[in-house]
Amino acid sequence: MINRRMFAATMAACLMTAPALAAARQTPVRAQVFRSPDCGCCGAWIAHLEAHGFVVDVVMTEDMEAVKDRHGVPASLRSCHTGLIEGYVIEGHVPAADIHSLLEQHPQAGGIAVPGMPVGSPGMEMGDHRDPFDVILWTGSQTRVFSSHQG
């Protein structure tokens, strides 16, 4: 039988560990982003990630093609910048919400990409104009639509 003192001690222990457990679940996701120093939209996409809780380490490079080759980004999915997040490659102007979904679903894949530079995607905002675009998930040479965004 549990006495009051044992109950109070157990409750105190639970209350002391609860904040630590909550903080552990809210640890920011780290991203490494490779970008050209000449590209302004890359900086805007990085700001989008940071505004959505990512901690971003930026690597400036003049040889983005080598980065994409090294990380297996299919030629048809390439854009201007390349990110690495928890074992996935994030190519182009992928919305932060889609990255969070990828990390929650944790599919077997190389990564996700927004090919090209669609107007209205994160980092490519131009007023109220928004083009529709798809976020593509890839594994090797196989691709599928991960999510669609309407204009």
Side-chain angles (χ1 to χ4, degrees), residues 12-151:
C14 288
L15 291 173
M16 288 187 336
T17 58
L21 292 173
R25 283 192 301 268
Q26 295 175 0
T27 301
V29 176
R30 294 200 73 83
Q32 182 178 40
V33 176
F34 296 86
R35 62 165 284 197
S36 166
D38 302 325
C39 186
C41 67
C42 296
W45 183 71
I46 290 166
H48 167 77
L49 290 185
E50 292 172 335
H52 288 86
F54 291 88
V55 175
V56 182
D57 299 315
V58 178
V59 179
M60 296 288 197
T61 179
E62 295 290 343
D63 195 358
M64 286 303 301
E65 290 305 309
V67 170
K68 294 166 192 317
D69 290 343
R70 185 168 54 250
H71 296 289
V73 179
S76 63
L77 300 181
R78 293 183 178 190
S79 184
C80 56
H81 51 263
T82 303
L84 304 176
I85 302 175
E86 294 191 9
Y88 291 106
V89 179
I90 311 299
E91 180 68 14
H93 296 271
V94 177
D98 289 316
I99 298 170
H100 285 298
S101 293
L102 176 75
L103 298 177
E104 288 170 14
Q105 295 174 24
H106 201 69
Q108 286 191 319
I112 54 178
V114 171
M117 299 168 73
V119 173
S121 61
M124 290 297 298
E125 294 87 356
M126 293 188 177
D128 291 335
H129 183 84
R130 301 207 184 305
D131 290 337
F133 65 93
D134 291 329
V135 176
I136 308 297
L137 180 129
W138 86 85
T139 303
S141 63
Q142 295 185 342
T143 63
R144 72 171 174 85
V145 174
F146 183 76
S147 69
S148 294
H149 298 267
Q150 301 307 311

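Taking every heavy atom of both residues into account, Met60 and Pro37 meet most closely at SD-CA, 3.8 Å. Listed here is the closest heavy atom pair of Cys42 and Cys80: SG-SG, 3.7 Å. Considering every non-hydrogen atom in both Cys41 and Met117, the closest pair reads SG-CE, 3.2 Å. Nearest heavy atoms, Trp138 versus Gly72: NE1-O, 3.5 Å. Closest approach of Gly123 and Ala44 over heavy atoms only: CA-CB, 3.6 Å. Annotation for Lys68 and Glu91: closest pair NZ-OE2, 2.6 Å, computed over non-hydrogen atoms.
Between the side chain of Ser79 and the backbone N or O of Gly116 there is at least one donor-acceptor pair closer than 3.5 Å. His48 places no side-chain N or O within donor-acceptor distance of the main-chain N or O of Pro122, the cut-off being under 3.5 Å. When atom types are taken as modelled, the side chain of Thr139 and the backbone of Gln108 share a donor-acceptor pair closer than 3.5 angstrom. Between the side chain of Tyr88 and the backbone N or O of Gly83 there is no donor-acceptor pair closer than 3.5 Å. Side-chain N or O atoms of Trp45 include one that pairs as donor or acceptor with a backbone N or O of Val94 at under 3.5 Å.
Contact check for Leu49 versus Val55: no side-chain heavy atoms found under the 4.5 Å cut-off. Within the 4.5 Å cutoff, the side chain of Phe146 has no heavy atoms near those of the Asp134 side chain. Within the 4.5 Å cutoff, side-chain heavy atoms of Leu102 are placed close to those of Pro107. Between Val135 and Phe133, some side-chain heavy-atom pair lies under the 4.5 Å cut-off. Looking only at side-chain heavy atoms (C-beta outward), Ile85 and Arg30 stay at 4.5 Å or farther from each other.
For the side-chain contact (heavy atoms from CB on, under 4.5 Å) criterion with Arg35, the lone passing option out of Thr82, Ile46, Val67 is Ile46.
Using a 4.0 Å cut-off between charged side-chain N and carboxylate O, Arg78 and Glu65 make a salt bridge.
His129 NE2: more than 12 foreign heavy atoms inside a 6.0 Å radius.
To the nearest 0.5 Å, atom CD of residue Gln32 and atom CG of residue Leu84 are 5.5 Å apart. Note that CG of Leu137 is 10.5 Å distant from CD of Gln142, once rounded to the nearest 0.5 Å. Within the model, atoms CZ of Phe54 and CD1 of Ile90 stand 8.0 Å from one another, a figure rounded to the nearest 0.5 Å. Note: Ile136 CD1 to Ile112 CD1 = 10.5 Å, rounded to the nearest 0.5 Å.
Side chains of Asp98 and His149: a donor on one and an acceptor on the other come within 3.5 Å.
Two rings, from His93 and His81, have their centers less than 6.0 Å apart.
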